[in-house]
Each structure stands twice: as structure tokens, then as C-alpha cells.
Q: 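Input: one structure, supplied below.
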Amino acid sequence: MASITGFSASMTAVSCSFKHTQVRFSRVNSVSLSFHGKSFPSLSLRSAPSRFRVCCAAKPKTVSKVCEIVKKQLALADNIAVTGESKFAALGADSLDTVEIVMGLEEEFGISVEEDSAQSIATVQDAADLIEELLTGKK
């Protein structure tokens, strides 16, 4: 069991110590870890959207199917990797391509995506999460 032996905070850094473990946040965008005197590479943090969002990760089967549809709609070569983290824009999709992807998803999964929801889809994972949300709501 870990216990906190010290805590300090300031506008530029936050440090926590757990017995022999020290965690330090610097510049609010990186994390440095030190265990028993050994340092590990810093981890970078991404800024999160300012609004609160609760979501559950889509099933791997849904993500896989969305990947297939995106590859087909964008006519991507077999050697191009498409994953949940793939951004449509990075795969070469423009706004028309994105509309066609959404239409393909609607047809495949038997759902209807509202325009405002469609505009929030930027990645394969976004699309898969939205599909799961819509399918769950149908039950």
C-alpha cells in the first residue's frame, strides 16, 4: 500500500511523493517519474476539451468494422494502417469524404447520425463510439 509522504503545488509544478515514489508534473504538460532513485522518461500530456464528456470505448468489433468502411470509402491501399486513433483528415479525407463515410456507417449499422453529431467525428474511434451510443439507445 502506498502512502503520501509529501505534496507540493505551485503554478508551474506539482510534486507528489509515495514512500519511495515521486511523481512530478512540470509545466502542466509533462510528467516525470522517479522510483527508488531511478528516473524514467517524461510523459507528455495532451490538453483535453474544456467540456466534460463521458464515453465508453466501443467494442473492438465495431472499431474494426469502421476501419474497414473508412479504408473502402477512401480507397486506401492495403499497406495503409487504419486504427481507432486514425484521423480522417490525416488519411486524406475532406468534408465530402467524411459525409460519405458517415453515410456508409449509417447503412452498415442501420443507424441515423444527426448532423451535429456527424460534425464531431474526427477519428475512427469517435465514429465507433458514436455508433455504440446510437445502437445502445435503440435497444
Side-chain angles (χ1 to χ4, degrees):
M1 180 174 1
S3 64
I4 297 176
T5 58
F7 177 81
S8 64
S10 70
M11 295 301 283
T12 58
V14 175
S15 296
C16 299
S17 294
F18 302 94
K19 257 186 179 170
H20 301 287
T21 306
Q22 181 180 15
V23 179
R24 190 175 137 246
F25 297 83
S26 303
R27 288 174 266 122
V28 190
N29 65 355
S30 67
V31 178
S32 298
L33 301 174
S34 176
F35 297 101
H36 301 288
K38 294 181 182 177
S39 294
F40 294 88
S42 294
L43 305 171
S44 296
L45 303 175
R46 297 189 295 186
S47 61
S50 59
R51 66 181 189 188
F52 182 72
R53 180 178 172 191
V54 175
C55 67
C56 298
K59 297 175 188 170
K61 183 178 177 182
T62 304
V63 175
S64 177
K65 190 64 180 174
V66 173
C67 288
E68 289 175 26
I69 292 168
V70 168
K71 281 188 93 157
K72 179 182 173 189
Q73 289 294 127
L74 298 177
L76 297 175
D78 290 337
N79 65 340
I80 302 292
V82 178
T83 66
E85 293 80 29
S86 296
K87 294 183 179 187
F88 294 157
L91 295 172
D94 60 18
S95 58
L96 181 58
D97 291 323
T98 303
V99 169
E100 290 175 351
I101 289 168
V102 171
M103 289 172 57
L105 296 171
E106 287 177 325
E107 185 177 324
E108 178 67 31
F109 291 96
I111 57 173
S112 180
V113 178
E114 297 295 324
E115 186 177 338
D116 58 331
S117 295
Q119 291 176 353
S120 69
I121 298 172
T123 67
V124 169
Q125 188 68 51
D126 292 341
D129 290 344
L130 179 61
I131 290 165
E132 291 285 337
E133 181 181 313
L134 292 172
L135 289 174
T136 303
K138 287 176 100 175
K139 293 180 180 180

Q: Lys59 side chain to Glu132 main-chain N or O, any donor-acceptor pair under 3.5 Å?
A: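 Pair absent, no side-chain N/O of Lys59 close to backbone of Glu132.
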
Q: Using salt bridge (Lys or Arg N to Asp or Glu O under 4.0 Å) as the criterion, list what pairs up with Glu68, not counting sequence neighbours.
A: Lys65

Q: For side chain to side chain contact (heavy atoms under 4.5 Å, CB included), just list the numbers for Leu134 and Val113, CA-CA rounded to whole Å, side-chain angles, deciding distance to a tenth of an Å, and then say yes or no.
A: CA-CA 8 Å; Leu134 292 172; Val113 178; 4.0 Å; yes

Q: How far apart are the closest heavy atoms of Cys67 and Gly84, and which atoms are they?
A: SG-N, 4.4 Å

Q: Determine the minimum heavy-atom distance between Ile111 and Leu105, stating which atoms define it.
A: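 The answer is CG1-O, 4.1 Å.
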
Q: Look up atom CG in Leu130 and atom OG1 in Thr62, then write down how far apart they are to the nearest 0.5 Å.
A: 11.5 Å

Q: Could you state whether Val66 and Ile80 fall into the same hydrophobic cluster, counting links through intermediate Ile, Leu, Val, Met, Phe, Trp or Tyr residues with side-chain heavy atoms under 4.5 angstrom apart?
A: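 Cluster IDs for Val66 and Ile80 match.
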
Q: For a quick test of reading the model, state the closest non-hydrogen atom pair linking Val63 to Ala58 and the distance between them.
A: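 Distance-wise, the nearest heavy atoms are CG2-CB, 4.1 Å.
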
Q: What are the two closest heavy atoms between Leu91 and Ser86, and how far apart are they?
A: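 The pair with the smallest heavy-atom distance is CD1-CB, 4.0 Å.
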
Q: Working to the nearest 0.5 angstrom, can you tell me the gap between Ile69 CD1 and Ile131 CD1?
A: 6.5 Å

Q: Report yes or no: does Gln73 contribute a side-chain atom to a donor-acceptor pair with the main-chain N or O of Asp97 at less than 3.5 Å?
A: no

Q: Taking only residues two or more places apart in sequence, or in another chain, which ones meet Thr123 in a side chain to side chain donor-acceptor pair (under 3.5 Å)?
A: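 By the side chain to side chain donor-acceptor pair (under 3.5 Å) rule, Thr123 matches Asp126.
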
Q: Report yes if some heavy atom in the side chain of Phe88 is under 4.5 Å from a heavy atom in the side chain of Leu74; otherwise report no.
A: no

